[in-house]
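Since the model is a prediction, treat every value here as computed from it, not as a measurement. Just so we're on the same page: letters track the sequence lines, and every chain starts at 1.
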Amino acid sequence: VGHSKNTELPASTPPPIQQVDDQPSDGSSHPAPAATGADQPEDSPPWAVPLRAMYQQVVEEPLPDFLAELIQKLDQEGQ
Amino acid sequence: MSKQPDFKGELVATVPHLRAFARGLCGRADMADDLVQETLLRAWSARERFTAGTSMRAWTFTILRNIWLTEMRRNRFRGDYDQTQAERLLVTPAGQEGPLHLADLSRALMAMPAERREALLLVGAGGFSYEEAAEVCGCALGTIKSRVARGRAQLATMIEEGKIGGRAGSAEASATLLAELDRISTNKPDQS
């Protein structure tokens, strides 16, 4: 199976994910689908509320121009 | 194999989340957006490796985290640590009361070990499952649970006692940061 080294990501860092079948174990490989069940954290537990608010504040910010332009370029490349 | 239009749409939809994760990791908006830009470029280059139907967020967060670790090692972050922020940390009054401000929360996160910070960001802020967070960080499920538990406790203590901050701009802080990086990169257990 093709465990190709990914030159885009640092060789000095450990494989960020577990090996999954024939997927490479570098940072560009895909993690297993989200697990479900007992190990799921609670949905918005009280301790996480401020963290989520902080996170959401950034999520809702408008994108800076250079990122919007990059997305535009990817759009054009994808046509 | 991914179908490109779906990939592109999913990738674009993930950008705000990447920004939020990156901002929490490095505490600086400018560097966070640089991280996101690099992540987008790498994800786009590696798009054929993405399996449609799986989590784009987990995949791209993994890429972003790896870039962040590399940038930290290259001194790009350590060398020009946000002095303004460090000064704010030093003047944060002890025992402050009242509603928690998000800026205080951000400072508290930056003052804790990076491995706890990323665990809290993934599970607490981003709503990742423990399994997904463990995959993004390349560590065991028990490790991520431990980091979240310790991070929660540390965060609560810092906020309650007004110990938000510290000597974030000092050489001592840089040394601590390096030690944390080594621990994260080599997957050593959290001993702090």
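A 4.5 Å side-chain heavy-atom check between Asp104(B) and Arg107(B) finds at least one atom pair inside the cut-off.
For Trp68(B) and Phe21(B), the ring centers are positioned 6.0 Å apart or more.
Between Phe128(B) and Phe61(B), the ring planes are tilted. Angles from 30° to 60° get that label.
In this structure, no portion of Gln56(A) lies under 4.5 Å from any heavy atom of chain B. If you measure heavy-atom distances from Leu18(B) to chain A, you find no contacts under 4.5 Å at all. For Arg19(B), the parts lying under 4.5 angstrom from a heavy atom of chain A are both the backbone and the side chain. At a 4.5 Å heavy-atom cutoff, the contact between Leu63(A) and chain B is made by backbone and side-chain atoms alike.
Residues Ile144(B) and Ala119(B) approach most closely at CD1-CB, 4.0 Å, considering heavy atoms.
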